[in-house]
A.B. asks: 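One structure follows; several queries about it will come next.
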Protein chains: 2
Amino acid sequence: MPAAPVPRAEQRRRTQDRILAAARKLFAENGYDRTTIRAVAAAAKTDPGLVMRYFESKEKLFARIAVVDRHEPVDGTPEQVAELLLASLGEKVTAEPAAALAAIRSMFTHPEAAKEVREAMLAEQRQAAGTMPVPDADLRTGLIGALTLGTVIGRYLLGLDGLRDAPPEQITALLRESFHSIVHGDPDGPSARSE
Amino acid sequence: MPAAPVPRAEQRRRTQDRILAAARKLFAENGYDRTTIRAVAAAAKTDPGLVMRYFESKEKLFARIAVVDRHEPVDGTPEQVAELLLASLGEKVTAEPAAALAAIRSMFTHPEAAKEVREAMLAEQRQAAGTMPVPDADLRTGLIGALTLGTVIGRYLLGLDGLRDAPPEQITALLRESFHSIVHGDPDGPSARSE
DNA sequence: CCACCGAGTCAACAGGTGTAGACTGAATCG
DNA sequence: CGATTCAGTCTACACCTGTTGACTCGGTGG
């Protein structure tokens with residue numbers, strides 16, 4: 001007597017979770033286009049039809065997965081802002097969030113993913129820019145965002161030699177001075193340092 | 001009487017050029033997966049069959065297009081190396097080579113494109129690393145490569161607000177100090193500056 | 001001038017895609 | 001206990017993909 005007949009609600013939750021996990025993994029590894037509903041279903045040991053039933057469409061499934069989490073508002077002096085942005089990079093380099101990787105990997109070919117990444121970066125950018133009273137604040141904060149993105153890509157998506165297995169603290173240590181110089185460096189280059 | 005019957009050789013060259021131009025454009029805009037042979041043929045005002053006949057396969061056509069040009073060997077003191085890498089970024093930010101964009105846009109989903117970009121970056125990295133007598137030279141040069149890539153991506157592929165229309169000199173000026181600090185900064189962070 | 005070659009066109013194939021719908025059987029509920 | 005709901009499965013559709021081969025027809029070399 002199989003006395004433990006798994007309740008239907010729980011059964012459903014389990015399969016949905018398996019599908020989400022498989023989707024996260026496959027989207028992160030192969031990007032949107034190269035990930036098929038059939039592959040997700042297979043990896044989740046289910047049927048493509050079920051994936052459709054639970055998540056409506058491939059698009060919706062991807063949207064459910066590929067979220068880049070926005071961090072809390074930054075504020076303070078430019079130096080503090082630089083330090084905060086650096087810390088946020090540290091988290092990203094430490095955590096390896098499959099969801100963000102899925103979005104980043106797909107952002108060049110999938111419009112929705114590009115929008116997701118762009119908006120997350122712009123949100124960060126606007127807030128940081130507000131604390132900088134220089135005319136080219138947009139450029140500076142955008143640059144820092146780009147550098148952050150480049151670092152994450154180099155480490156996780158390209159696996160560059162020096163970056164792949166470096167301890168996060170070492171990476172952030174090397175970038176600390178960079179971030180600071182960009183945030184409050186003088187606009188005409190480093191030739192005239194006032195500090 | 002249309003007295004100028006275009007010679008066959010030239011006719012062929014023209015069509016091949018049209019195909020190559022269309023492929024460059026479409027691969028750069030949409031990436032490998034989302035670019036179809038049919039679309040290339042249509043944009044080149046030809047037939048898919050002809051594309052196959054002239055370039056054998058989609059793969060070969062892409063390989064023909066997506067080449068990231070390696071620049072000449074860098075050498076000298078670390079400071080000079082930093083300056084050279086910065087200049088090379090300047091070129092990249094100025095030129096907007098469709099070919100490289102095609103490779104970069106496809107590198108997350110197309111293995112061959114990833115290899116192309118990786119190898120171009122590693123070649124640069126190895127040479128630059130040779131001039132640095134520190135144990136973490138790989139990390140430093142890899143980081144600079146990642147920052148360069150991030151900048152190009154932010155400018156051309158994401159079109160970030162501050163980066164999209166900033167003059168290249170301004171970008172390189174802001175990054176100059178960063179590159180230098182990474183190349184010859186001290187390994188334990190910027191807290192103890194010897195300069 | 002005529003046979004040939006090759007640029008260009010067309011239709012089709014085999015495979016893979018997202019998605020829809022009918023069906024089955026067991027958990028659920030009155 | 002009987003009726004019903006619903007997780008899970010299977011089949012099929014319509015479409016799009018890279019790629020192939022047969023066909024046309026005008027420039028080309030003998």
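In this text, all values refer to a predicted model and were calculated from it rather than measured experimentally. Just so it is clear: chains get the letters A, B, ... in the order the sequence lines come, proteins before strands, and each one is counted from 1.
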A.B. asks: May I ask you to decide if Gly31(B)'s main-chain N or O and Arg105(B)'s side chain share a donor-acceptor pair within less than 3.5 Å?
C.D. replies: no

A.B. asks: Please list all pairs passing the salt bridge (charged side-chain N to carboxylate O under 4.0 Å, His left out) test where one or both residues lie in residues 38-48 of chain B, with sequence neighbours left out.
C.D. replies: none

A.B. asks: With a non-hydrogen cut-off below 4.0 angstrom, is Tyr54(B) in contact with a base, only sugar-phosphate, or nothing?
C.D. replies: sugar-phosphate

A.B. asks: Please write out each protein N/O paired with an N/O of nucleotides 19-24 of chain C under 3.5 Å, distance rounded to 0.1 Å.
C.D. replies:
residue	atom	partner	partner atom	Å
dT19(C)	OP2	Lys58(A)	N	2.8

A.B. asks: Go through residues 107-117 of chain A and report each residue with a non-hydrogen atom lying under 4.0 Å from DNA chain C, sorted by number.
C.D. replies: none

A.B. asks: Roughly how many Å is it from CG in Asp33(A) to C1' in dG18(C), rounded to a whole number?
C.D. replies: 13 Å

A.B. asks: Is there a donor-acceptor contact under 3.5 Å from the side chain of Ser106(A) to the main chain of Ala103(A)?
C.D. replies: no

A.B. asks: Could you pull out all residues at least two apart from Glu56(B) that satisfy salt bridge (charged side-chain N to carboxylate O under 4.0 Å, His left out)?
C.D. replies: Lys60(B)

A.B. asks: Looking at Gln11(B), is its backbone amide N or carbonyl O close enough to the side chain of Thr15(B) to form a donor-acceptor pair, meaning the two atoms are under 3.5 Å apart?
C.D. replies: yes

A.B. asks: Scan for ring pair (Phe, Tyr, Trp, His ring centres under 6.0 Å) pairs involving residues 121-157 of chain A, sequence neighbours excluded, and state none if there are none.
C.D. replies: none

A.B. asks: Apart from Phe62(A) itself, what residues make up its hydrophobic cluster when side-chain heavy atoms of I, L, V, M, F, W and Y under 4.5 Å apart count as a link, directly or indirectly?
C.D. replies: Ile19(A), Leu20(A), Leu26(A), Phe27(A), Tyr32(A), Ile37(A), Val40(A), Leu50(A), Val51(A), Met52(A), Tyr54(A), Phe55(A), Leu61(A), Ile65(A)

A.B. asks: Would you give me the side-chain donor-acceptor pairs under 3.5 Å for residues 112-121 of chain B, sequence neighbours excluded?
C.D. replies:
residue	atom	partner	partner atom	Å
Glu116(B)	OE2	Val68(B)	N	3.2
Arg118(B)	NH1	Leu158(A)	O	2.6
Arg118(B)	NH1	Gly159(A)	O	3.2

A.B. asks: Name every residue in residues 8-28 of chain B that has at least one heavy atom under 4.0 Å from any atom of DNA chain D, in order of residue number, or write none if there are no such residues.
C.D. replies: Arg8(B)

A.B. asks: Which pairs pass salt bridge (charged side-chain N to carboxylate O under 4.0 Å, His left out) with one or both residues in residues 152-164 of chain A, sequence neighbours excluded?
C.D. replies: Asp161(A)-Arg164(A), Asp161(A)-Arg126(B)

A.B. asks: Would you please name every residue forming a side chain to side chain contact (heavy atoms under 4.5 Å, CB included) with Ala166(B), sequence neighbours left out?
C.D. replies: Leu139(A), Ile171(B)

A.B. asks: Return the set of residues passing side chain to side chain contact (heavy atoms under 4.5 Å, CB included) with Glu124(A) (not counting sequence neighbours), or none when no residue passes.
C.D. replies: His71(A), Leu85(A), Ser88(A), Lys92(A)

A.B. asks: Can you pull the contact range of chain B along DNA chain D, 5' to 3', using atoms under 4.0 angstrom from its heavy atoms?
C.D. replies: dT17(D) to dT28(D)

A.B. asks: Is the side chain of Gln125(A) donor-acceptor paired with the backbone N or O of Asp138(A) at a distance under 3.5 Å, no angle test?
C.D. replies: yes

A.B. asks: Please check: side-chain N/O of Gln170(A) versus main-chain N/O of Pro167(A), any donor-acceptor pairing under 3.5 Å?
C.D. replies: no

A.B. asks: Could you state the OH-P distance from Tyr32(A) to dT17(C), rounded to the nearest angstrom?
C.D. replies: 13 Å

